[in-house]
Amino acid sequence: MSEHDIGWRSVADEVLVEELPGSDRPAHYFLAETLDGLYTPYALRLPDGPGPHPFVLIAYGNGGGGMEWLRDRVHRFRHVTDVLLDAGYACGWSRYRTEVELGYQNGGALHADVRQGMGLLNRAPLEYEDEVAILRHAAGHPGIDADNLFHVGVSHAGEMLFKLLSHYPGLLRAGVAAEPANHEYLTLGLDDAPTVEITDGLRNIESLELRSTERARARITDPAEVSRRLDAVDIPVLVLGREQDELQGIFRLSYELLAEKRSDAEWRSWTHDIHGYIYPETGPDGVPQVDDVQREALSVIVDFLDRHRG
């Protein structure tokens with residue numbers, strides 16, 4: 001493929017190929033051009049056999065960290081990609097810019113225009129819009145089926161899926177939001193929460209506890225806005241909880257509110273000690289440390305994706 005090919009710039013954009021121990025399916029690192037002309041990395045792995053293949057974008061938590069973070073995820077948390085590859089999905093760990101506190105709540109929709117032949121934006125792109133850039137970039141790969149793009153996000157990246165869906169419809173086929181930290185998306189009022197500290201306008205919610213769905217629902221400050229955001233969701237979403245998580249009430253509320261809008265919303269929850277349990281870690285010996293709950297959860301995710309492939 002020539003770097004002058006209009007449809008796909010793989011030669012220009014691929015910056016690294018890494019072999020993974022015991023696998024003939026390497027990680028191809030690409031730089032996707034973001035909406036403001038900078039670049040964000042992701043690591044693509046392709047399954048065996050001829051394409052085009054459905055593609056799953058994999059994300060975790062807040063942004064930042066760059067290539068070093070991404071390479072660590074590709075190697076240390078490779079099991080989820082091995083599972084998806086075995087199921088016939090291309091997949092990519094992603095990295096994106098740092099989260100902006102209440103950037104989604106205060107920024108509104110992103111609008112682009114042109115001045116003197118160059119771009120002009122009404123605000124800077126946010127981290128979930130880097131995911132948009134990655135999805136669009138991956139969709140141009142000759143081995144990817146652009147009509148079968150999926151998203152699996154954990155924690156803040158679960159909230160990013162909801163944000164993406166509310167502003168960029170038509171991009172994904174289905175998505176999985178695992179333990180989605182949707183406090184901003186749901187306009188939850190937290191300033192008076194006893195465990196939330198605010199320093200220089202930044203909230204520290206590490207000790208926030210909202211296990212009760214009813215308590216979480218009572219903290220919604222703008223029900224009409226939440227309703228508008230959920231009205232824009234145009235795909236099936238599987239929401240995953242964790243029974244002993246301090247934010248289980250937010251996870252469950254996210255599902256319940258979405259289920260009021262869409263009959264294809266789904267909910268599953270397990271008991272597990274690890275936040276982000278759907279991404280098992282690989283030990284120093286190269287063997288993934290996977291328990292029965294993680295196997296079941298990953299099986300449920302693959303089944304959900306399979307049921308919504310076009």
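The figures that follow rest on heavy atoms only: side chains count, while hydrogens, waters and symmetry mates do not. Just so it is clear, the model here is predicted, and its values are computed rather than measured.
- Annotation: side chain of I58 is in contact with side chain of L84 (closest heavy-atom distance under 4.5 Å).
- For R252, the CZ atom counts as densely surrounded, since its 6.0 Å shell holds more than 12 non-hydrogen atoms of other residues, nucleotides or ligands.
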**OP:** Test Q294 against H79 for side-chain hydrogen bond (donor to acceptor under 3.5 Å, both in side chains), laying out the working first.
**Re:** CA-CA 11 Å; Q294 292 168 309; H79 181 70; over 6 Å; no
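- In this structure, R97 does not pair ionically with E127, as no charged nitrogen and carboxylate oxygen lie closer than 4.0 Å.
- Going from atom CZ of R242 over to atom CD1 of I274 covers 8.5 Å, rounded to the nearest 0.5 Å.
- When the shell of 6.0 Å around CG of D292 is examined, it contains 12 or fewer heavy atoms from other residues, nucleotides or ligands.
- Side-chain atoms of Y185 come within 3.5 Å of backbone N or O of R229 as a donor-acceptor pair.
- The CZ atom of R95 lies 13.0 Å from the OH atom of Y29; values are rounded to the nearest 0.5 Å.
- Here the closest heavy-atom approach between residue P54 and residue F150 is recorded as CB-CE1, 4.0 Å.
- At least one test fails for R73 against the ring of Y279: distance under 6.0 Å to the centre or angle within 45° of the axis.
- Interatomic distance, L44 CG to H137 NE2, rounded to the nearest 0.5 Å: 10.0 Å.
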**OP:** Please test Y168 against E129 for side-chain hydrogen bond (donor to acceptor under 3.5 Å, both in side chains), starting from the C-alpha separation and ending with a verdict.
**Re:** CA-CA 9 Å; Y168 296 92; E129 284 157 334; 2.7 Å; yes
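- For the side chain to side chain contact (heavy atoms under 4.5 Å, CB included) with L126, the qualifying choice from L164, V100, V132 is V100, the only one to do so.
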Subject >> side-chain hydrogen bond (donor to acceptor under 3.5 Å, both in side chains) between D291 and H272, worked out >> reply: CA-CA 10 Å; D291 58 37; H272 202 276; 2.6 Å; yes
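- Annotation: the span from L161 atom CG to S166 atom OG amounts to 9.0 Å, rounded to 0.5 Å.
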